[in-house]
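Worksheet: one structure, shown below.
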Amino acid sequence: MISEFQDLSDKIDQLAEMTTVLRRENAQLRQANAALVAENMGYQRRLSEASARVEALLEQIPALDNGDAAATEEPKQPENEDAR
């Protein structure tokens with residue numbers, strides 16, 4: 001009977017030790033997660049700023065109308081050499 005109590009006591013000690021280890025690991029994971037969330041927010045902010053800059057640059061580019069577009073295109077070559 002005493003050995004059964006000793007086995008039970010050993011198992012309780014192991015459980016307490018495992019609980020401590022898991023709590024420490026959980027705290028570390030929460031800190032890592034918080035750091036990654038902050039890093040992600042920074043990347044999202046930078047992406048938003050870059051997108052706004054690109055949009056501003058695109059607005060500065062003069063729009064091509066159809067006449068200008070036709071003038072910049074190369075003349076089309078006939079597909080069949082015999083057609084000339």
Side-chain angles (χ1 to χ4, degrees):
M1 176 122 173
I2 292 179
S3 69
E4 290 175 357
F5 283 127
Q6 186 61 43
D7 289 343
L8 184 59
S9 176
D10 292 343
K11 288 181 181 182
I12 290 172
D13 290 342
Q14 288 175 350
L15 181 60
E17 183 179 337
M18 188 181 295
T19 301
T20 302
V21 169
L22 289 174
R23 285 182 187 209
R24 188 176 308 123
E25 182 181 355
N26 191 24
Q28 290 171 346
L29 289 172
R30 286 180 187 271
Q31 287 178 341
N33 187 46
L36 289 172
V37 166
E39 184 179 3
N40 188 34
M41 288 174 57
Y43 288 142
Q44 286 178 347
R45 180 187 49 79
R46 289 176 58 192
L47 180 62
S48 177
E49 290 171 356
S51 178
R53 287 194 306 267
V54 168
E55 286 180 18
L57 287 173
L58 287 175
E59 289 177 3
Q60 292 177 3
I61 296 175
L64 294 177
D65 60 20
N66 288 336
D68 290 342
T72 59
E73 290 182 12
E74 293 182 22
K76 293 189 176 183
Q77 300 273 337
E79 292 180 19
N80 187 349
E81 290 288 327
D82 296 332
R84 289 185 182 181

Distance only, no hydrogens: is a donor on one side chain within 3.5 Å (strictly under) of an acceptor on the other, for Asp10 and Gln14? no
By side-chain contact (heavy atoms from CB on, under 4.5 Å), which residues pair with Glu25, not counting sequence neighbours? Leu22, Leu29
Side chain of Ser9, backbone of Phe5: donor and acceptor closer than 3.5 Å? no
Please round to the nearest 0.5 Å and tell me the distance separating atom CD of Gln31 and atom CG of Asn26. 10.5 Å
What distance separates Ile2 CD1 from Asp7 CG, expressed to the nearest 0.5 Å? 12.0 Å
Do other residues, nucleotides or ligands put more than 12 heavy atoms under 6.0 Å from Glu49 CD? yes
With sequence neighbours excluded, residues passing side-chain contact (heavy atoms from CB on, under 4.5 Å) with Gln60: Leu57
Assigning hydrophobic clusters by single linkage (Ile, Leu, Val, Met, Phe, Trp, Tyr; side-chain heavy-atom cutoff under 4.5 Å), is Val54 placed with Ile61? yes
Candidate pair Leu36 and Glu39, rule side-chain contact (heavy atoms from CB on, under 4.5 Å), full reasoning: CA-CA 5 Å; Leu36 289 172; Glu39 184 179 3; 3.6 Å; yes
What's the separation between atom CG in Leu8 and atom CG in Leu15, rounded to the nearest 0.5 Å? 10.5 Å
What's the spacing between Asn33 CG and Gln28 CD if we round to 0.5 Å? 13.5 Å
